[in-house]
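One is the number of the first residue; the rest follow in order along the sequence. When a ligand or atom number is given, it counts from 1 through the structure's own listing order.
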Amino acid sequence: MIIAPSLLAADLSKLAKDVERAAKSGAEWLHLDIMDGHFVPNISFGPAVVAQLRPLTKMFFDVHLMCSRPKILLEPFAKAGAEQIIIHVELGDAVTPLIWEIKKLGKKVGLAVNPPTNIALCEPFLDQIDLLLVMTVNPGFGGQSFIHECLPKIAQADAWRRERGLRYRLEVDGGINHQTVAECARAGADTFVAGTALFSQRQMKAAVAKMRKVAEANDPALADLKV
Ligand code: DX5
Ligand code: ZN
């Protein structure tokens with residue numbers, strides 16, 4: 001399994017310090033939320049910030065684009081050091097060419113689905129992606145409460161994966177803490193993004209270890225799932 005602290009919950013005036021905290025926490029990935037003030041009602045940071053953080057750690061950079069026109073951002077984020085780029089299924093007809101473009105750049109492809117969006121919209125892309133991200137809050141802000149109605153979507157995505165012999169990772173993002181991680185693990189998630197629940201802890205390493213333990217207790221298969 002993978003734990004991915006979300007940098008959105010870091011102290012933005014001390015980004016480098018918080019990247020180092022995450023790197024030493026035992027978490028495998030760093031989740032980077034990119035918001036454009038249009039697809040979501042908030043703005044975060046861009047490729048120049050990611051490029052400056054890149055030399056600080058060997059962590060896998062999981063870049064989540066909450067942007068209306070990701071096409072113009074793919075190359076800049078690939079060059080900035082993204083290892084995986086996640087786009088949203090809500091972009092409709094743009095999704096297929098975006099997937100091709102991300103692959104052409106040699107990066108892993110993630111597809112995200114918002115809470116109100118039908119998971120069936122992801123179905124045509126399942127054999128083309130490395131990761132499916134089931135959003136468990138409406139994107140735009142950290143620190144929101146987990147939306148329990150999203151759990152059946154996680155179970156559906158896990159069932160598709162098994163029925164079709166596919167290997168995409170199943171990621172959850174939003175309101176993940178030491179309680180909700182258990183429900184997500186039981187539903188089939190294997191990759192857990194957590195912002196507030198990890199960065200708010202003084203002992204981030206202990207918080208990551210505890211989250212891992214809870215997830216594994218709720219789905220023993222997770223102990224074997226490594227990138
Ligand atoms: C929400 C972002 C999340 C956010 C999660 O728009 O996609 O990655 O940072 O934050 P928490 O874990 O605080 O809900
Ligand atoms: Zn995110």
How far is [atom] from its nearest protein heavy atom, and which residue and atom name does that atom have?
atom                    : answer
atom 13 (O) of ligand 1 : T196 OG1, 2.4 Å
atom 3 (C) of ligand 1  : D173 OD1, 2.9 Å
atom 9 (O) of ligand 1  : S6 OG, 2.8 Å
atom 12 (O) of ligand 1 : G195 N, 2.7 Å
atom 1 (C) of ligand 1  : F141 O, 3.7 Å

Are [X] and [Y] packed together at the side-chain level, in the sense that at least one heavy-atom pair is separated by less than 4.5 angstrom?
X    : Y    : result
T180 : E183 : yes
F60  : I2   : no
L121 : V113 : no
F192 : V214 : no
V63  : K107 : no

Original post:
Which atom pair, heavy atoms only, marks the closest approach of P139 to V40?
Top reply: O-CG1, 3.5 Å
In terms of atom number and element, which parts of ligand 1 are under 4.0 angstrom from non-hydrogen atoms of [X]?
X    : answer
G140 : 1 (C), 6 (O)
P139 : 6 (O)
M135 : 7 (O)
M66  : 6 (O), 7 (O)
G174 : 14 (O)
H64  : 7 (O)
M35  : 6 (O)
H31  : 8 (O)

Original post:
Does ligand 1 have an atom under 4.0 Å from some heavy atom of G143?
Top reply: yes
Original post:
Are A9 and ligand 1 in contact, using a heavy-atom cut-off of under 4.0 Å?
Top reply: no
Original post:
Under 2.8 Å from the Zn ion (ligand 2), which protein atoms of type N, O or S occur, listed by chain and number?
Top reply: H31 NE2, D33 OD1, H64 ND1, D173 OD2
**OP:** Give the intermediate values and the outcome of side-chain contact (heavy atoms from CB on, under 4.5 Å) for residues L73 and D36.
**Re:** CA-CA 11 Å; L73 297 169; D36 67 349; 5.8 Å; no
**OP:** Validate the cation-pi geometry between R54 and F61: distance from NZ or CZ to the six-membered ring centre under 6.0 Å, angle to the ring axis within 45°.
**Re:** yes
Original post:
Is ligand 1 under 4.0 Å from a heavy atom in the side chain of L8, in the backbone, in both, or in neither?
Top reply: side chain
Original post:
Is any side-chain N of the basic residue among K104 and E101 closer than 4.0 Å to the acidic one's carboxylate O?
Top reply: yes
Original post:
Charged N to carboxylate O under 4.0 angstrom, R161 versus D190?
Top reply: yes
Original post:
Strictly by modelled atom types, are H64 and D62 linked by a side-chain donor-acceptor pair under 3.5 Å?
Top reply: no
**OP:** Decide side chain to side chain donor-acceptor pair (under 3.5 Å) for D33 and S6; before the verdict, give the C-alpha distance in whole Å, the side-chain angles of both, and the deciding distance to 0.1 Å.
**Re:** CA-CA 7 Å; D33 286 305; S6 167; 2.7 Å; yes
Original post:
Cluster question for you: counting only ILVMFWY and a side-chain heavy-atom cut-off of under 4.5 Å, with indirect links fine, are I102 and I129 together?
Top reply: yes
**OP:** With atom 10 (O) of ligand 1 as the reference point, say which of A10, S44, G142, G175 has the nearest heavy atom.
**Re:** G142
